[in-house]
Amino acid sequence: MKRTHTCGELKTSDIGHEVLLNGWVAKRRDLGGIIFIDIRDRYGITQLKISPEKKSVHDVALSLGNEFVISAKGKVVKRESINKNMPTGEIEVDVDSIEVLNTSEITPFVVEEDIKAADDLRLRYRYLDLRRNSLTSNLVLRSKVYQIVHKYFEKHDFVEVETPILMKSTPEGARDYLVPSRVHNGKFYALPQSPQIYKQILMVSGLDRYVQICKCFRDEDLRADRQPEFTQIDLEMSFVTQDDVFEMLEGMFFEIWKEIKGIDLKLPFRRMTYDEAMENYGTDKPDLRISGDMKIVDLSGEAAGTEFKVFLDTLNAGGTVSALKLEGKEVTRKVIDNLTEFVKKLGIGGLGYIKFTSEGVQSPLAKFMSEETMNAIKEKSRAVAGDTLFIISGERKKALTALGQLRLRLAEEFSLTDEGRFEFLWVTDFPLFQYDEEESRFVAEHHVFTMPKEEYLKFLDSRVREEVESIRANCYDLVLNGNEVTSGSIRIHKSDIQKKVFDIIGLTDEEAKQKFGFILEAFRYGAPPHGGAAVGFDRIVAILCGLRSITDTIAFPKTLKASSLMDDCPSEVAPSQLEELGVQLIKKQG
RNA sequence: GGAGUCGUAGUUCAGUUUGGUUAGAACGCCUGACUGUCACUCAGGAGGUCGCGGGUUCGAGUCCCGUCGAUUCCGCCA
């Protein structure tokens with residue numbers, strides 16, 4: 001019963017050898033006399049041949065159904081007709097005996113590469129879905145990346161430290177997953193949103209270089225690239241500047257891409273400040289693969305010369321009139337209608353456009369402007385015949401963000417994205433704070449331990465909104481093909497600066513002491529300057545696998561409602577368990 | 001929390017616009033035939049709570065209301 005080979009490795013050089021294969025019945029083709037069976041394991045598929053002359057094994061073969069687990073013994077022979085579409089297509093195994101190791105009920109869907117089943121069904125029977133090579137290979141790739149990362153950081157003297165999964169709930173940031181304590185009734189642990197505080201304390205301990213591939217948990221609504229529990233490569237270094245962190249991570253990405261893709265990434269990665277990114281791409285995570293780059297063109301100056309009331313009102317209110325140029329594509333009425341609807345959903349009043357053709361311009365805005373103004377716009381945007389300009393006006397950040405979304409939409413609509421490329425980009429100098437209108441207070445844009453840039457320290461005592469929001473931080477993201485794949489910062493290591501930051505976000509001394517007292521205390525005993533980052537492990541695996549969603553890089557993912565369909569989790573618990581925890585359920589109103 | 005899409009045989013879908021005979025197709029499954037297939041082929045067969053609940057109607061897969069689930073986006077995600 002013990003196999004001599006896997007189902008993916010037999011070749012012509014094995015012809016004549018006696019072999020034994022284990023695997024699942026993927027397909028049976030019964031031609032009346034001769035029977036062919038495709039046997040599958042995670043390494044591949046091999047064709048078994050069962051001749052009618054071998055009566056006993058032929059009888060067994062007749063009884064086999066899909067997904068039966070079998071052990072087949074026989075001799076490797078050359079095929080009469082070669083199948084060039086499969087790696088083992090030149091040979092087959094002339095079977096002498098088959099042992100049925102287990103039967104299978106009829107599966108809810110057919111296990112095949114070109115899967116037809118809907119997502120929820122696949123998730124419910126995840127173990128069947130995972131029998132498919134396209135899914136297994138994701139997990140194998142993920143495992144390889146894991147090993148490369150461990151090896152890389154080991155080489156650079158990092159210490160891998162496990163930090164607690166049960167930790168203190170802290171304010172700010174995402175909603176915590178809470179775990180009630182039995183021993184301390186009425187008290188709760190939180191699952192880590194990230195091991196942020198622990199890794200900083202490890203720096204205080206002098207660990208110097210810490211890394212961990214760890215699970216993180218955030219109780220927020222999900223997206224295709226967001227799971228409630230996800231994995232990050234978490235690292236922290238002492239006595240470093242931003243450049244040191246960049247260099248270390250660039251080296252890691254270099255090795256991953258080298259080993260997985262056989263690609264030599266060009267180092268160092270490009271850099272851009274947050275302000276540049278917002279201004280040119282309308283997002284803090286620009287996708288640089290789009291042909292022509294399609295930067296945002298500020299037409300505020302030109303728009304001031306028109307008689308279009310919407311533009312003039314916007315400019316008077318301090319807003320912007322900006323545009324994107326689509327090069328050399330035919331834009332139909334229908335496309336414009338769809339795009340207009342798209343930007344309206346983003347809260348933008350409408351979408352202006354100017355089509356430049358060899359016969360002249362075509363635009364509903366033309367009647368509001370002189371020929372000179374139109375020429376100025378053409379000049380500024382460097383448009384030529386065949387180009388179309390899409391114009392959005394509004395409050396600056398809102399308009400730019402909408403243009404950023406429109407840029408992606410246009411790239412999709414006109415297939416402008418070069419899918420084969422990997423464009424890495426460091427985005428730096430993020431704002432430290434943002435004013436939260438709902439809560440009427442400042443909130444940390446990254447996290448509360450982020451170090452402001454030196455030249456902005458003077459504004460830490462200010463409460464003027466413009467000044468506080470102007471503060472830039474030693475904070476950075478790594479963007480890959482428009483996805484945020486890494487985020488980090490140089491941290492505050494001085495209590496006085498930390499206190500000022502707490503002050504700005506409205507955390508009183510008492511609250512700060514209660515929530516973060518231990519870390520503030522730790523910082524009093526010689527905290528070294530330090531910084532680090534966290535890499536979204538699932539996302540980089542997804543990108544390496546060519547997937548849009550991280551779901552299929554995770555063995556047992558959760559749905560958008562954060563439930564696991566296979567084991568039906570979360571689920572209710574026994575009243576006795578709740579009682580022990582001192583937890584009482586209240587029915588939600590309505 | 002909000003918006004969109006989807007939910008019909010084991011599976012993937014058509015049928016819903018315009019309510020009306022016995023709800024169809026393909027794949028899978030079962031039976032039979034077939035000795036070189038690899039999407040085997042051929043003949044036959046079984047298989048349905050039209051997600052669930054309520055309403056309108058002589059009559060609802062189809063119209064209305066609610067609800068559940070999946071999914072995409074917005075809010076949210078330091």
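Letters go in sequence order (proteins before strands), and every chain restarts at 1. Basis for what follows: all heavy atoms, side chains included, without hydrogens, waters or symmetry-related copies.
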Any ion pair linking [Y] and [X] (charged N to carboxylate O, less than 4.0 Å)?
| X | Y | result |
| --- | --- | --- |
| Arg491(A) | Glu236(A) | yes |
| Arg40(A) | Glu67(A) | yes |
| Asp96(A) | Lys54(A) | yes |

Over all strands shown, is [X] touching base, sugar-phosphate only, or nothing at heavy-atom distances under 4.0 angstrom?
| X | value |
| --- | --- |
| Ser563(A) | sugar-phosphate |
| Ile106(A) | sugar-phosphate |
| Arg79(A) | base |
| Gln193(A) | nothing |

Rounded to the Å, how far apart are [X] [atom1] and [N] [atom2]?
| X | N | atom1 | atom2 | answer |
| --- | --- | --- | --- | --- |
| Asn85(A) | C38(B) | CG | P | 11 Å |
| Arg223(A) | C77(B) | CZ | P | 11 Å |
| Leu339(A) | C73(B) | CG | P | 18 Å |
| Lys344(A) | C73(B) | NZ | C1' | 19 Å |
| Ile34(A) | G36(B) | CD1 | P | 7 Å |
| Met86(A) | U37(B) | CE | C1' | 12 Å |
| Phe68(A) | C29(B) | CZ | P | 11 Å |
| Leu560(A) | G75(B) | CG | P | 16 Å |

Please report the distance separating the [atom1] of [N] from the corresponding atom of [M], rounded so that it comes out in whole Å.
| N | M | atom1 | value |
| --- | --- | --- | --- |
| U72(B) | G28(B) | C1' | 30 Å |
| U41(B) | G36(B) | P | 15 Å |
| A70(B) | U18(B) | P | 32 Å |
| A9(B) | G47(B) | P | 15 Å |
| C38(B) | G53(B) | P | 46 Å |
| G20(B) | C34(B) | C1' | 46 Å |
| G2(B) | C63(B) | C1' | 26 Å |
| C73(B) | C29(B) | C1' | 40 Å |

Return yes if the base of [N] and the side-chain atoms of [X] contain a donor-acceptor N/O pair under 3.5 Å, otherwise no.
| X | N | value |
| --- | --- | --- |
| Glu92(A) | G36(B) | yes |
| Gln47(A) | U37(B) | yes |
| Arg124(A) | G69(B) | no |
| Lys561(A) | G69(B) | no |

Ignoring backbone atoms, establish whether [X] has a side-chain N or O less than 4.0 Å from OP1 or OP2 of [N].
| X | N | value |
| --- | --- | --- |
| Ser81(A) | G36(B) | no |
| Asn66(A) | C29(B) | yes |
| Lys558(A) | A70(B) | no |
| Arg29(A) | U37(B) | no |
| Lys27(A) | C40(B) | yes |
| Arg548(A) | C73(B) | yes |
| Ser487(A) | C77(B) | no |

Distance flag, aromatic centroids of Tyr210(A) and Tyr198(A), threshold under 6.0 Å: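 Judged by ring-centre distance (under 6.0 Å), Tyr198(A) and Tyr210(A) do not meet the cut-off.
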For [N], which nucleotide in any strand shown is its Watson-Crick or wobble partner with both distances under 3.5 Å?
| N | result |
| --- | --- |
| U21(B) | none |
| G28(B) | none |
| C6(B) | G69(B) |
| G47(B) | none |
| G59(B) | none |

Under a 3.5 Å cutoff, is there a donor and acceptor pairing between the side chains of [X] and [Y]?
| X | Y | answer |
| --- | --- | --- |
| Glu467(A) | Ser470(A) | no |
| Thr6(A) | Asp41(A) | no |
| Asn474(A) | Ser489(A) | no |

Neighbour count >12 (heavy atoms, 6.0 Å) for atom CD, Glu113(A):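 More than 12 heavy atoms, drawn from other residues, nucleotides or ligands, come within 6.0 Å of this atom.
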Residue mapping more 5' on RNA chain B - nearest nucleotide basis, Gly89(A) or Arg539(A):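 Final value for this comparison: Gly89(A).
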side-chain contact (heavy atoms from CB on, under 4.5 Å) partners of Thr417(A), counting only residues at least two apart: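 Checked Thr417(A) against side-chain contact (heavy atoms from CB on, under 4.5 Å); matches are Asp287(A), Arg289(A), Ile290(A), Ala411(A), Glu419(A).
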So which nucleotide from [options] ends up closest to the side chain of [X]?
| X | options | result |
| --- | --- | --- |
| Arg226(A) | C77(B), G75(B), U35(B) | C77(B) |
| Asp221(A) | C76(B), C38(B), G36(B) | C76(B) |
| Glu53(A) | U72(B), U35(B), C77(B) | U35(B) |
| Leu565(A) | G36(B), A70(B), C73(B) | A70(B) |

Salt bridge (Lys or Arg N to Asp or Glu O under 4.0 Å) contacts touching residues 553-567 of chain A (sequence neighbours left out): Glu229(A)-Lys558(A)
Under 3.5 Å, which protein N or O atoms sit close to an N or O of nucleotides 6-12 of chain B? Give each pair with its distance.
from   : atom 1 : to        : atom 2 : distance (Å)
G10(B) : O2'    : Pro108(A) : O      : 2.9
U11(B) : O4'    : Pro108(A) : O      : 3.4
U12(B) : OP1    : Ala118(A) : N      : 2.7

Of Thr551(A), Thr553(A), Asp552(A), the residue whose pairing with Ser549(A) passes side-chain hydrogen bond (donor to acceptor under 3.5 Å, both in side chains): Thr551(A)
